[in-house]
Amino acid sequence: MNPLLDTLHPYPFERLRALFDGVTPNADYTPISLGIGEPKHATPPFILKALADNGAALAAYPATAGSPALRQAFAGWLQRRYGIAIDGASQTLPVTGSREALFAFAQAIVDPTARQGGEPPVVLCPNPFYQIYEGAALLAGAQPHYVPSDPARNFAVDWSSVPEDVWARTQLVFVCSPGNPTGAVMPLPEWEQLFALSDRYGFVIASDECYSEIYFRDEPPLGGLEAAARLGRTGFQRLVAFTSLSKRSNVPGLRSGFVAGDAEILRKFLLYRTYHGCAMSGMVQQASIAAWGDERHVEDNRALYREKFAAVTPVLAPHLDVRLPDASFYLWAGIPEIWGRDDESFARELYAQYNVTVLPGSYLARTAGGTNPGAGRVRMALVAQTAECVEAASRIARFAAQPRTAQS
Ligand SMILES: Cc1ncc(COP(=O)(O)O)c(C=O)c1O
């Protein structure tokens with residue numbers, strides 16, 4: 001079999017299962033999980049209805065490029081959301097969730113035969129990061145290079161830390177804005193810096209924006225295409241943005257999203273996808289057209305998250321290094337100093353004593369330059385209902401306030 005499969009790292013949730021193996025959680029408490037970032041708010045009924053009304057579409061093979069109406073729906077949404085002009089036909093493509101698209105994109109972009117001084121091509125991943133980037137890079141025959149995010153600068157990714165010889169080998173850069181797990185939005189000057197580097201070294205930027213609609217400030221997060229357009233890069237050279245309905249519309253099971261950007265790259269990506277066989281079902285296309293065309297449910301969804309974060313964050317803030325993120329549905333919290341950087345023990349003891357699951361931050365990052373930027377942090381996904389999240393937060397606060405010596 002492909003030996004590169006052996007280079008893949010275990011997924012964070014597998015590691016979490018192993019960490020909790022043999023631990024009996026305190027049965028005085030009901031279990032609450034903030035571990036997995038799976039949206040839990042209700043799917044809007046009009047999306048379910050659009051699915052149910054379009055069963056006839058199952059009688060035909062769907063086109064990989066999607067219907068013209070679907071791509072028009074993408075272009076219309078981009079215009080309304082970011083004020084940018086996009087040609088749906090040549091500058092967008094449907095994808096069956098951004099996860100498969102991020103993975104497939106690396107396979108289409110990376111040229112594993114391109115070597116410099118005998119060294120393989122490089123794919124840059126922010127650190128911490130969404131693990132699909134790394135697996136996609138490894139299976140494409142590239143070497144991931146992890147670029148740390150800086151807690152002192154709102155978790156901005158430190159692009160200037162990348163050495164010149166690494167830039168020279170870089171073929172693909174993953175940007176995650178709003179970030180998972182940090183919630184940070186990449187501001188325009190950083191986009192400008194990255195575009196200049198892309199012009200200089202010729203790499204492609206994959207901008208993962210699946211949390212773009214869950215935000216807490218007045219201004220909606222800047223998108224990659226929007227940043228490009230503001231800087232006069234209207235052809236979106238070497239830039240492709242990845243967007244999804246999973247979080248925006250609470251349909252993680254629908255598997256629906258789209259990519260938009262550089263037409264030349266998307267033309268070849270379509271070719272790749274035709275062979276890969278990941279066309280979106282006609283039923284899903286119709287439901288997606290309905291979802292992208294409606295903002296009301298997105299506003300309601302955002303309001304629910306805002307209410308939840310406003311209730312939870314103050315409960316945790318006295319005990320953990322935590323604050324409202326720019327966007328996303330995660331809190332990326334520093335654990336109390338008495339735990340040092342031992343996020344694994346913190347998560348395991350919290351589970352044992354209070355039956356609350358959080359994800360150790362070190363599972364979402366890699367050690368690079370001697371440090372794991374996720375160590376000493378935990379990720380909390382506030383996807384459950386507000387009351388449940390507040391209950392979890394008050395248990396975490398109680399746990400974090402205890403001296404460590406009182407814990408087993
Ligand atoms: C940063 C990031 N990108 C992409 C995805 C994939 O989402 P989907 O495939 O549902 O669009 C996730 C899911 O959790 C994510 O956290």
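All ligand and atom numbering here is 1-based and tracks the order in the structure. We use all heavy atoms of the structure for the numbers below, so side chains are in, but hydrogens, waters and symmetry mates are not.
Heavy-atom contacts from other residues, nucleotides or ligands closer than 6.0 Å to CD of E164 number more than 12.
The atoms of ligand 1 that sit less than 4.0 Å from any heavy atom of G97 are 9 (O), 11 (O). Ligand 1 places these atoms under 4.0 Å from at least one heavy atom of S246: 8 (P), 10 (O), 11 (O). For ligand 1, the atoms lying closer than 4.0 Å to a non-hydrogen atom of C210 are 2 (C), 3 (N), 4 (C), 5 (C), 12 (C), 15 (C).
In summary, the aromatic rings of F399 and F346 are positioned with their centroids under 6.0 Å apart.
Taking the six-membered ring for Trp and thresholds of 30 and 60 degrees, Y29 and Y354 have ring planes inclined between 30 and 60 degrees apart.
Regarding atom 16 (O) of ligand 1, its nearest protein heavy-atom neighbour is Y211 OH, 2.6 Å. Looking from atom 12 (C) of ligand 1 to the surrounding protein, the closest heavy atom is K247 NZ, 3.2 Å. Of the protein's non-hydrogen atoms, the one nearest atom 9 (O) of ligand 1 is R255 NH2, 2.7 Å.
R17 has no carboxylate O lying under 4.0 Å from a charged side-chain N of E14, or vice versa, which leaves the two without a salt bridge. Between E264 and R238 there is no salt bridge, since no side-chain N of the basic residue sits under 4.0 Å from a carboxylate O of the acidic one.
Only the side chain of C176 comes within contact range of ligand 1, with a heavy atom under 4.0 Å; no backbone atom does.
Some N or O of D208 is nearer than 3.5 Å to an N or O of ligand 1, by distance alone. Polar contact with ligand 1: present for S244 (N/O pair, distance under 3.5 Å).
Remark: R217 is not positioned above the aromatic ring of Y215, lacking an NZ or CZ atom under 6.0 angstrom from the ring centre and at most 45 degrees off the axis.
Side-chain atoms of S394 come within 3.5 Å of backbone N or O of E391 as a donor-acceptor pair.
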